[in-house]
Number of protein chains: 2
Amino acid sequence: MSKGAAETMQRGIETTLLSAIVEGRLHPGSRLSENQLAEAFEVSRTLVREALARLEARHIISVRPRRGWFVNRPSPEEAAAVFAARRAVEYGFFKTAAPFNDDQIARLKAHIAEERAAIEQGDKAQLTFLMGDFHTRIIALSGNEPLEEVMRNLTARTILISLRYQSSAGALASHRDHCDIADAISRGDMDAAAELSLSHLEDVESGLLMQEPADPLVDLRNTLRLDPVQDGRAT
Amino acid sequence: MSKGAAETMQRGIETTLLSAIVEGRLHPGSRLSENQLAEAFEVSRTLVREALARLEARHIISVRPRRGWFVNRPSPEEAAAVFAARRAVEYGFFKTAAPFNDDQIARLKAHIAEERAAIEQGDKAQLTFLMGDFHTRIIALSGNEPLEEVMRNLTARTILISLRYQSSAGALASHRDHCDIADAISRGDMDAAAELSLSHLEDVESGLLMQEPADPLVDLRNTLRLDPVQDGRAT
DNA sequence: CGTACCAATCTTGTATGCAAGGCTTGCGTG
DNA sequence: CACGCAAGCCTTGCATACAAGATTGGTACG
């Protein structure tokens, strides 16, 4: 904590941006200005660029040469591929993972409780984050860090897809699915969890409005609310 | 090809380094000097740093502040986790993927032929690359780019594990396994492919010498052969 | 009135220079 | 002879300056 102010900053930019995205405060297509970010974080563009490069390597954002950095706006094709990837990973995880112990089950139920609280309180940002993080946290609880990272990146992309194609509905249905999956895990029935996870993802995907939204409108909206980047720490 | 000389360079550094790693020319623990790389590629350190940052985001290399960049040297724990992740991903892929069509099968068999040729010609670098790329290419043939990327990163890390713990044996056994998996896919029996893939990975993992190698000796060897980085384009 | 062109401005791309910290190595001392 | 210490070198960390391209807005002309 004391020494790491410098080294932490670089990773802090990456984390802060990713948080803004997975909490739905940064929308697909949003422009990320190097200058604005540098000003907001009070560092030079060099640091910002390295953080952006890392996020690009994770397929969360992308750069168009001499144009700018943008939060990825997944195409229907990419969206389908990401969902297929998630199905493969989650199904494979449950099918090859050991049953959870009591401590892991307790932590899982704690997450479910968090989801419920966010729903009751209507905390939309927190809910957006939690609904995606559910799947990541399951793998995190298993202790497999590489797979957790994979899942974290895929869920981030899933959130971008949802923000673009979903009418913000289905949160309650998803929560119910999560409860069912958690129950299966609690029973030690990982096979059931695998199947439930599969159908859950299929339901979520088929609930999306997969027609390409009118681009100009989306771009305009994003242009008009560039502020969330600064997030209350404006000059 | 024509315009992209600049933008390509940045990605070219990343790709070149990754190729050197997955072909076994850069060993785990190797130091990657920003200055040497900048000289080798005839660019400034800025470009090199961004490429290195991207590779770090992919968990291929890592930086120790004020010390240097190093090719990752996976610990036994990390190695186990990476193998577990691969098992989950590959098993899940086969279990959720559609059977391959004739064209995909033909391309798959072409890869098998490449492996055989590399074995017969004793091209060790090519073989190291192909043995890992087999699994990535299967997913690539399915057309799922996100999962392909996941697999590419995991296999790169697997190669680092093999380079560190494997006595370079088992190539023939792995090739046989690959043939079996390809046969199952050709028959359209993806379930069999899933199971074969699982046992294949377990065999490979259990074939590793999982005791921590003597560190000083390894470091010394790597220090004495820093040259592969420059790869014949020295001043 | 519409269109084509041109310049100003803003964006990212890249190089360079300086700062700070760690490692090595040689020397001095107990 | 062993141990401690300090100076110099080499590394990365970061900021700044400059270069090149793209967009936008205005203007002149058909």
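By convention in this document, chain letters (A, B, ...) are assigned in the order of the sequence lines, proteins followed by strands, and residues within each chain are numbered from 1.
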Original post:
Along nucleotides 6-12 of chain D, 5' to 3', which nucleotides get a B, which get an S, and which get a -, given that the test is a protein heavy-atom distance under 4.0 Å?
Top reply: -----SB

d([atom1], [X]; [atom2], [N]) in whole Å:
X     : N      : atom1 : atom2 : answer
B/E50 : D/dG13 : CD    : C1'   : 14 Å
B/Q10 : C/dG13 : CD    : P     : 7 Å
A/L47 : C/dT14 : CG    : P     : 18 Å
B/E42 : C/dT16 : CD    : P     : 13 Å
A/F70 : D/dA22 : CZ    : P     : 14 Å
A/E39 : D/dT16 : CD    : P     : 12 Å

Original post:
A/A140: what forms a side chain to side chain contact (heavy atoms under 4.5 Å, CB included) with it, not counting sequence neighbours?
Top reply: A/E148

Subject >> Listed once per pair and sorted, the ring-ring contact (aromatic ring centres under 6.0 Å, His included) pairs that draw on residues 47-87 of chain A, sequence neighbours left out >> reply: none

Original post:
Quick one: ring-ring contact (aromatic ring centres under 6.0 Å, His included) pairs with a partner in residues 125-148 of chain A, sequence neighbours left out?
Top reply: A/H111-A/F134, A/F134-A/H178, A/H135-A/H178, A/H135-A/H200

Subject >> Residues which pass salt bridge (Lys or Arg N to Asp or Glu O under 4.0 Å) with A/R66, listed by chain and number, not counting sequence neighbours >> reply: none

Original post:
Considering residues at least two apart in sequence or located in another chain, which fulfil the side chain to side chain donor-acceptor pair (under 3.5 Å) criterion with B/R45?
Top reply: B/E34

Original post:
Do B/K124 and B/E23 meet the salt-bridge criterion of a basic N to acidic O distance under 4.0 Å?
Top reply: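 Looking at B/E23 and B/K124, the cut-off is not met.
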
